[in-house]
Amino acid sequence: MERMVIEFGMFETLFLGVIGIYLGDFLRKKFPVLVKYCLPSAVVGGTLISIITMILYYAGIMEPNFDFKLVNTLFYCLFFAASGAAASLALLKQGGKLVVIFAVLAAVLAACQNAVALGVGGLMGVNPLISMMTGSIPMTGGHGNAASFAPIAVEAGQTAAMEVAIASATFGLIAGSLIGGPYGNFIVKKFGFEDPELDNQENTLVDTAKTVLMNKKTMISSVNMMVLACGIGQLIFLGLQKGGANIPIHVCCMLGGILVRVFLDKTGRVTDSLLEAIDTVGDFSLALFVSMSIVSMKLWQLADLGPQLIVLLLAQVVLVLVFTYFLTFRLLGKNYDSAVMAVGHLGFSTGAVPVSMTTMKTVCDKYRFSKLAFFVVPVIGGFISNISNALIITKFLDIAIKMNAGM
């Protein structure tokens with residue numbers, strides 16, 4: 001019997017995304033182990049819903065088709081605008097050096113991902129172009145790069161390249177979402193970064209939240225500011241585009257948020273309640289973006305991955321864990337901030353920047369907030385690594401094409 005294709009538009013996907021968040025909250029309350037190991041609500045609930053849709057697919061009942069790109073882009077940009085608005089001038093100065101170090105680390109890891117893909121794939125007799133579809137193309141690049149670069153391998157004769165790349169990106173998204181929180185919790189515990197005086201300040205956070213919730217004007221103002229920041233970001237995007245520069249819109253929105261914050265700092269309008277309100281807008285947007293991204297995953301695509309490709313992807317996960325633990329964490333300072341940034345590096349090196357942010361936030365919710373990490377990671381994962389990864393991919397694809405021709 002042919003499966004019934006069900007179209008999930010913007011509102012239907014939003015509905016499922018919110019259900020995923022509530023479901024995740026419920027499960028985290030029922031099973032404290034999920035909180036202990038910092039597994040985000042959006043990931044827990046979203047994954048469960050995607051598993052249900054996979055069961056319905058294999059049962060021959062239905063095949064979901066999700067169309068929510070426009071609204072997801074909105075929430076993504078609002079989140080990046082809020083991240084930019086959280087960066088004060090002092091934080092921008094403090095993070096400058098770390099951005100340079102992190103940019104180099106991100107590029108090196110992307111190169112290592114492709115080297116491991118070709119090396120491990122070669123040992124198992126996997127075609128080099130197929131092996132590349134498990135490297136930094138889907139892992140650091142996510143579904144976007146998978147769809148962009150896979151056609152090159154298809155044109156070279158590897159017709160399964162697109163399916164492998166998309167399935168690998170899905171695998172990476174799941175792996176990063178599930179591993180990031182427990183990984184960050186492990187580093188904090190191992191190196192004794194807990195601070196009883198600052199961690200788990202629930203009363204203070206609740207009091208602050210109540211103040212913000214009661215201040216309707218502040219909340220409305222924060223939403224308006226973030227929409228304004230996105231508008232500024234769009235103007236920056238169009239201006240750069242006319243100049244021949246292709247910078248992602250979410251990065252431009254982050255720049256818009258930074259400009260809004262600079263204005264607020266210069267005019268003395270920054271208050272704790274306003275910053276808390278802006279942070280709330282960012283949290284709301286991030287949770288919905290991540291939840292919608294996960295509930296819309298087509299997990300049955302992972303069935304296309306044979307044993308050899310599973311080994312290749314597991315090798316990628318091991319590589320990222322080892323690299324971020326022994327290099328990223330240490331070279332960025334070997335402190336609490338660097339531990340959170342290592343979680344972020346793992347997130348966008350296995351899935352995408354939203355995975356970084358939601359796993360970082362869950363770790364910070366358990367311990368304490370890291371302003372530095374929430375400024376540096378989006379700059380690297382959302383912008384700089386996109387450029388460096390594209391250059392690295394191009395070089396390694398040339399190598400893979402030559403290896404393929406010699407087979």
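Being a predicted model, the structure only gives us computed values, none of them experimental.
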| query | Sequence neighbours excluded, which residues qualify as side chain to side chain contact (heavy atoms under 4.5 Å, CB included) partners of S349? | reply | L109, Q113, T140, V320, H345
| task | Determine the interplanar angle of the F68 and F66 rings, folded into 0 to 90°, and report it as parallel if under 30°, tilted if 30 to 60°, perpendicular if over 60°. | result | perpendicular
| query | Can you name the residues that form a side-chain hydrogen bond (donor to acceptor under 3.5 Å, both in side chains) with N335, not counting sequence neighbours? | reply | S338
| Is there a side-chain contact between L259 and I236, using heavy atoms and a 4.5 Å cut-off? | yes
| remark: Residue set satisfying salt bridge (Lys or Arg N to Asp or Glu O under 4.0 Å) with D265, at least two apart, ordered chain then number -> R261
| message | Apply side chain to side chain donor-acceptor pair (under 3.5 Å) to residues T359 and Y183 and explain how you reach the verdict. | response | CA-CA 10 Å; T359 50; Y183 172 68; over 6 Å; no
| Minimum-distance pair of heavy atoms, taken over all atoms of I49 and L16 | CD1-O, 3.5 Å
| remark: Residues at least two apart in sequence or cross-chain that pass ring pair (Phe, Tyr, Trp, His ring centres under 6.0 Å) with F149, listed by chain then number, are none
| message | Holding to salt bridge (Lys or Arg N to Asp or Glu O under 4.0 Å), I want the full list of residues that pass it with K189, two or more places apart in sequence or in another chain. | response | E194
| request: Report the C-alpha separation of K366 and N185 in whole Å, then their side-chain angles, then the decisive distance to 0.1 Å, and conclude whether the side chain to side chain donor-acceptor pair (under 3.5 Å) test is met. | output: CA-CA 9 Å; K366 181 176 180 179; N185 185 66; 2.9 Å; yes
| K371 atom NZ: more than 12 heavy-atom contacts under 6.0 Å | no
| Above 12 or not: heavy atoms from other molecules or residues under 6.0 Å from OH of Y58? | yes
| task | If the plane angle is over 60° it's perpendicular, under 30° parallel, otherwise tilted; pick one for F186 and Y325. | result | tilted
| field | Exercise: identify the closest heavy-atom pair between T53 and P64 | value | CB-CG, 4.3 Å
| said: In terms of relative ring orientation, are F191 and F329 parallel, tilted or perpendicular, with 30° and 60° separating the classes? | reply: tilted
| task | Determine, for K361 against D365, whether the closest basic-nitrogen to carboxylate-oxygen distance falls under 4.0 angstrom. | result | yes
| task | Could you tell me whether Y37 atom OH has more than 12 heavy atoms of other residues or ligands within 6.0 Å of it? | result | no
| field | Proximity of F8 and F15 rings by center, below 6.0 Å | value | no
| message | For D67, is the CG atom crowded, meaning more than 12 foreign heavy atoms sit under 6.0 Å from it? | response | no
| Among pairs that include at least one residue of residues 217-260, which meet ring pair (Phe, Tyr, Trp, His ring centres under 6.0 Å), considering only residues two or more places apart or in two chains? | Y76-H250, F80-H250
| said: Strictly distance-based, threshold 3.5 Å: is any side-chain N or O of S296 a donor or acceptor partner for the main-chain N or O of S293? | reply: yes
